[in-house]
Amino acid sequence: MAGRRMSELPKAYEPQAVEAKWYSAWLDGKCFEADPVSAKDGYSIVIPPPNVTGILHLGHVLNNALQDILARRARQEGKEVLWLPGTDHAGIATQAKVERELRESEGKTRRDLGREEFLKRVWDWKDHHGGIIIQQLKRLGCSCDWSRERFTMDPAYSKWVSQVFVDLFREGLIYRGKRIVNWCPVSLTALSDEEVIMTPQRSKLYYMKYEVAGLPGEYLRISTTRPETLMGDTAVAVNPKDPRFAKYIGRHVVRPFPHAEIPVIADDHVDMEFGTGALKITPAHDKADFEIGARHNLPIIDVLTPDGHINCPECPDLHGMERFAARKVAAKKLEDMGALEKTEEYDNNVGFSERAHVPIEPRISMQWFLKYPCVKEAADAVANGEIQFRPERWAKTYAHWMENLQDWCISRQLWWGHQIPVWYRKDKLGELTQAESLDTSHQTHGDLYVGVEPPADPENWVRDEDVMDTWFSSWLWPFATMSDVGDSSATLKKFYPTADLVTGPDIIFFWVARMIMAGYRFAGELPFRNVYFTSIIRDLQGRKMSKSLGNSPDPIDLMEKYGADGLRFGLLRIAPVGSDLRFDETSVEEGRNFANKLYNACRFRQMGGEISNLKFEISNGAALPPYHLDIMAKLDKLAADLKESYAEYRFGEIAQLLYEFLWSEFCDKFLEAVKLDLRESATAEAREAALGVFDTVMARYLQLMSPYMPHITEELSARMGYVAEGDFLMTRPLPAAPLLAGLPAEAVAAAQQQAADIYETAGRLRNLKAEYKVATRKDVKFIVKGASGWLANETKVLALLVGASEIVLDDAYDAPKGTPASVTPVGEIYLPLEGLIDVAAERLRLTKEIEKIRAEVARAESKLSNPSFVDRAPAAVVEQERARLDDWRAKLTQLDEMLAALA
RNA sequence: GCGCGCUUAGCUCAGUGGUAGAGCACAUCCUUCACACGGAUGGGGUCGCAGGUUCGAACCCUGCAGCGCGCACCA
């Protein structure tokens, strides 16, 4: 701290300018850039890449603030840190956005433009408007290595995606087949199971009756929620064990429209209890029906268009009609025909498209599927703790999913994305696209070309039009961002596997699980060691934040109002460990207030001026006043506690510890206690000791706070002269030794006890003043009887803390009857108040207090007289109880004496 | 239906066996020379309910209720 220069602080803390200033200073100083060949140990995090179309919301703030804290703390711990940033091309979301703009501004669809031109537009859009969120992350203070920013459609990254497809295809894990998939009638693409959100719906259950062919007047009753797909029915199924329907199995029933006879079949899948016990089978439009159809070789009739309209020319009144309108018309039609018996209200779950928010349509189509690789390794890694989930309970959810894996539908009927690297022989195209399934055998035949590079004779080939699911690129993120294909670069060597992944539990399946599998399969190792699942942020009513509800505050607005540090700290301080977070703007306000408190503490210090000739040495600390040793000991404890909390990823607790230290310990106690030493009247030694301790503690405190509030701590460290010009707080390693490492523990403990006694006594005396309505008077005098010996040195401080003119030590003091008094850790203390003494009132007050203490004594006595307790409780607990009892008894004696004196 | 989590002060939440805590809100007072984005004092909880284990339970066990979430679905 020698040669320090302080610059004066402005009157109020204004975070905006300060935060912008330091962020660019860090960038200029290359503080965020990772050196893959440094001597330090590597520490890395890859950012969960936000959608390139994304706008920062509170979830991002929480998530990225946590990563920033981890990264900054790791730097302080002497690690070489890589926080690798980037964005995701987000297939459906981005394409939909550009398509909407195209429609609105030019009235065109993507097909009007053609694939090539449309993709050009998307890239244009991405270059001009994409990546806003990156700027917003910078505003938040994120210490990412921006020189390594990646995009999931960068050429090198795309190459990885293709290579992985090719490898998995060759391995036989990727195949093409005609299956029932989740079809989004708005986005016009297949979706994976994970992109379907089951949503409770109030629906109707329709009860129909079909006449049994050859048995006029006999009917089979069937219940359904989807009469509009009736035209696609190719059977009616009953349970083979169901006696009610046994006689009909093998017969036919009459489908009302278009009129046809369809077989009654028996299948175990049918639940006898539900509805009528008879199920209409529509293989083209229901997954279970498709499977039943396959078991019984039923024909498949597709009666819906890709965009969810009826396709059934035999029923002109329904043909072309939108699916939900058609449902009503179909029901009416049945009613008119006398085939509808009744309609019931019915609650069921319907799958909705995650993106388009409309019910998905199970639909048969030709898609590419993946059988997951390295499933066992991935499941074991989490089960045996090699990869640690926090909170741990998510491991169970993960395990459950891993046990029930279904093949992943990876093709999407979009243009924006990684195009499937498969080419079909032109002359076999028709045959191939209709094939029930395609796999490596077709490649061997030379009908298919599967490769990262296009075929050498492109004129003979046609490329598959589909692109891959966005997550098929995301799952490669941890290693594909660190290297080109086949490159074992220094970066990969130093920073892979990554240390921590911070993400939301809502994407365990979408992303986390798949990354683990991809990590084992393609990088030969787990991709990260710890996964920290963040809270989901809700509003005060417990609703999820959403645009449509308008309950999602704009973090940029919050930062303008309260500063990035205020937002970060406020949010982190209320973030619970394992549950959802209920957000309220007042917590951000508290964060801002806290920054201001910190700032003002330093401003106060500056009034003390520079220490011209710093004589302060902690090694002489035994001679320091108790408050000085106390606050340094507490700082040491804070540092140790934080270390422990970081090890357990208890971020909210860390914020709370930092908050309490500064506000309750440093400002409320230490700063008040040393004010006397900073006055003109104080000796130079006292002044320098106080200022020296302030600087020593504050310099370390700012460093501990730095990961949470990087800007203000950097600013104050510079302004106060704790960090030399041109240097940065954020790049400094944490000091290895505690402040008081060299001092005898007993001396420190004794000083801490004295400080605690003084603070405790100050509270009691203020309380006494308030009770006697003289809280604001400064001219009162307290008299201490039976004072501890050391108190004589501290009466001035105590007087200052309490707001008294004097604290007099007088063992011979004979209190006038009714003198207000309090029993304190340092003795009996009286507050003589001429003219205010009311003996009756004082007796009442004392009596009440005595009652309270008697109850405590009785409680402690009964506990200690219980042999079970004394014998079986740990000795320390019993001892503690004894000490407590002694305290209460001593107090009781004193109070009894006081009461007696009043008589 | 299966699984997971939650239930502590008006609100948001800490607190994994030893005298119930914080912040906000509330009440009263204070514009005293760091901070009103501040200071001081105070009121406010049968720790969801019922059992059990224990010398001792907010904490461990069992059951129940309410809320939330995930998975699977019966058309």
Side-chain angles (χ1 to χ4, degrees), chain A residues 9 11-13 198 205-206 222-226 229 236-237 269-282 286-289 292 346 348-349 391 393-394 396-397 400-401 404 505-506 508-509 536 538 540 542 562 566 570 573-584 586-587 589-608 650 652-653 656 659-660 663-664 667-668 671-672 675 678-679 762-763 766-771 773 775-776 778 802-803 855-856 859-860 863 866-874 876-878 880-881 884 888:
Chain A
L9 294 169
K11 294 236 177 216
Y13 179 58
M198 297 308 282
L205 191 57
Y206 300 89
I222 299 161
S223 45
T224 182
T225 52
R226 300 204 65 187
T229 61
V236 170
H269 171 80
V270 180
D271 179 354
M272 294 189 279
E273 309 296 319
F274 187 86
T276 61
L279 170 64
K280 78 186 193 68
I281 303 299
T282 324
D286 184 280
K287 192 161 190 229
D289 290 8
I292 293 172
Y346 176 60
N348 65 345
N349 280 331
R393 64 188 157 84
W394 291 112
K396 216 166 189 176
T397 309
H400 184 253
W401 190 73
N404 295 284
D506 48 336
I508 290 184
F509 310 139
I536 291 175
R538 300 174 178 279
L540 281 178
Y562 303 108
R573 199 158 76 93
I574 58 165
V577 180
S579 52
D580 294 353
L581 181 158
R582 298 209 175 191
F583 177 79
D584 181 10
T586 59
S587 40
E589 199 180 327
E590 284 170 39
R592 186 270 316 261
N593 294 355
F594 182 74
N596 193 57
K597 186 77 180 175
L598 179 59
Y599 168 85
N600 272 293
C602 290
R603 213 156 69 90
F604 172 67
R605 159 66 185 88
Q606 284 197 314
M607 290 168 51
R650 302 166 73 102
E653 184 176 271
Q656 189 59 27
Y659 184 96
E660 277 169 9
W663 206 302
S664 311
C667 291
D668 287 353
L671 229 45
E672 295 301 326
K675 275 184 174 170
L678 299 179
R679 290 193 176 157
R766 281 192 295 245
N767 170 318
L768 206 58
K769 283 178 75 182
E771 234 172 302
K773 312 287 181 211
T776 57
K778 298 277 170 137
V802 170
E856 292 293 345
R859 186 193 57 76
K863 202 164 180 179
N866 179 348
S868 314
F869 171 69
V870 179
D871 295 347
R872 309 184 63 163
V877 173
V878 178
Q880 191 186 337
E881 194 65 39
R884 223 178 262 152
W888 289 123

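Every value quoted in this text rests on a predicted model; they were computed, and no experiment measured them. Letters A, B, ... mirror the listed sequences (proteins, then strands); counts begin at 1. In what follows, every heavy atom counts, from backbone to side chain, and hydrogens, waters and symmetry copies are set aside.
Counting only distance, with no hydrogens or angles, the side chain of Lys769(A) and the backbone of Val802(A) share a donor-acceptor pair below 3.5 Å.
With both ends at atom C1', the span from rU8(B) to rG48(B) equals 10 Å, rounded to whole Å. The gap from the P atom of rC30(B) to that of rU12(B) amounts to 33 Å, rounded to the nearest Å. Atom name C1', nucleotides rG44(B) and rA9(B): the rounded distance is 6 Å, in whole Å. rU46(B) and rA20(B): their P atoms are spaced 13 Å apart (whole Å). Look at the C1' atom in both rG1(B) and rG18(B): the space between them is 43 Å, to the nearest Å. Comparing rG43(B) with rU32(B), their C1' atoms sit 27 Å apart, to the nearest whole Å. For rC59(B) and rC47(B), the P atoms lie 9 Å apart once the distance is rounded to whole Å. When the C1' atom is used for both rU54(B) and rC61(B), the distance is 12 Å, rounded to whole Å.
Nucleic acid contact class of Ile281(A) (heavy atoms, under 4.0 Å, all strands): none. Counting any heavy atom pair closer than 4.0 Å across all strands shown, Ile574(A) reaches no nucleic acid atom. Among the heavy atoms of the strands lying under 4.0 Å from Arg573(A) are primed sugar atoms or P, OP1, OP2 only; no base atom is included. Residue Glu589(A) is out of contact with every strand shown, counting any heavy-atom pair closer than 4.0 Å. Residue-level contact check: Lys287(A) touches neither bases nor backbone, having no heavy atom under 4.0 Å from any strand. Nucleic acid contact class of Pro505(A) (heavy atoms, under 4.0 Å, all strands): none. Arg592(A) comes within 4.0 angstrom of a base, heavy atoms only. At the heavy-atom level, Ser223(A) lies under 4.0 Å from base atoms of the strands shown. Residue-level contact check: Arg650(A) touches the backbone only, with heavy atoms under 4.0 Å from sugar-phosphate atoms and none from bases. Residue Ala775(A) is classed as having no contact, given no heavy-atom separation below 4.0 Å to the nucleic acid.
Phosphate proximity of rA72(B) to Trp401(A): absent, as no side-chain N or O sits under 4.0 Å from OP1 or OP2.
Following rounding to the nearest Å, Asn600(A) (CG) and rA36(B) (P) show an atom-to-atom distance of 7 Å. The CZ-P distance, from Arg603(A) to rC37(B), rounds to 13 Å in whole Å. Tyr13(A) has its OH atom 18 Å from the P atom of rC35(B), to the nearest Å. If you measure from atom NZ of Lys778(A) to atom P of rU31(B), you get 10 Å, rounded to the nearest angstrom. Rounded to a whole Å, the NZ atom of Lys773(A) is 10 Å from the C1' atom of rU41(B). Distance Glu653(A) CD to rG21(B) P: 18 Å, rounded to the nearest Å. Atom CG in Asp580(A) sits roughly 13 Å away from atom P in rU12(B) (whole-Å rounding). Across the protein-nucleic acid pair, Asn866(A) atom CG and rU19(B) atom P stand 16 Å apart, rounded to whole Å.
Checking rC35(B), rC74(B), rC4(B) against every side-chain atom of Lys396(A), the shortest atom distance belongs to rC4(B). Among the nucleotides rC33(B), rU19(B), rG5(B), the one closest to the side chain of Gln880(A) is rU19(B). Distance from the side chain of Arg884(A) is smallest for rU19(B) among the nucleotides rU19(B), rG18(B), rC74(B). When the nucleotides rG68(B), rA22(B), rA75(B) are ranked by their closest atom to the side chain of Glu660(A), rA22(B) comes out on top.
Comparing Asp668(A) and Glu273(A) along RNA chain B, the residue whose closest nucleotide (by nearest heavy atom) sits nearer the 5' end is Asp668(A). Of the residues near RNA chain B, Thr776(A) and Thr586(A), the one whose nearest nucleotide (by heavy atom distance) lies more toward the 5' end is Thr586(A).
Arg538(A) is linked by a salt bridge (Lys or Arg N to Asp or Glu O under 4.0 Å) to Asp580(A), counting only residues two or more places apart in sequence or in another chain. Checked against side-chain contact (heavy atoms from CB on, under 4.5 Å), Asn767(A) has the following partners two or more places apart in sequence or in another chain: Glu771(A).
The pair Glu590(A)-Lys597(A) does not count as a salt bridge, with every side-chain nitrogen at least 4.0 angstrom from each carboxylate oxygen.
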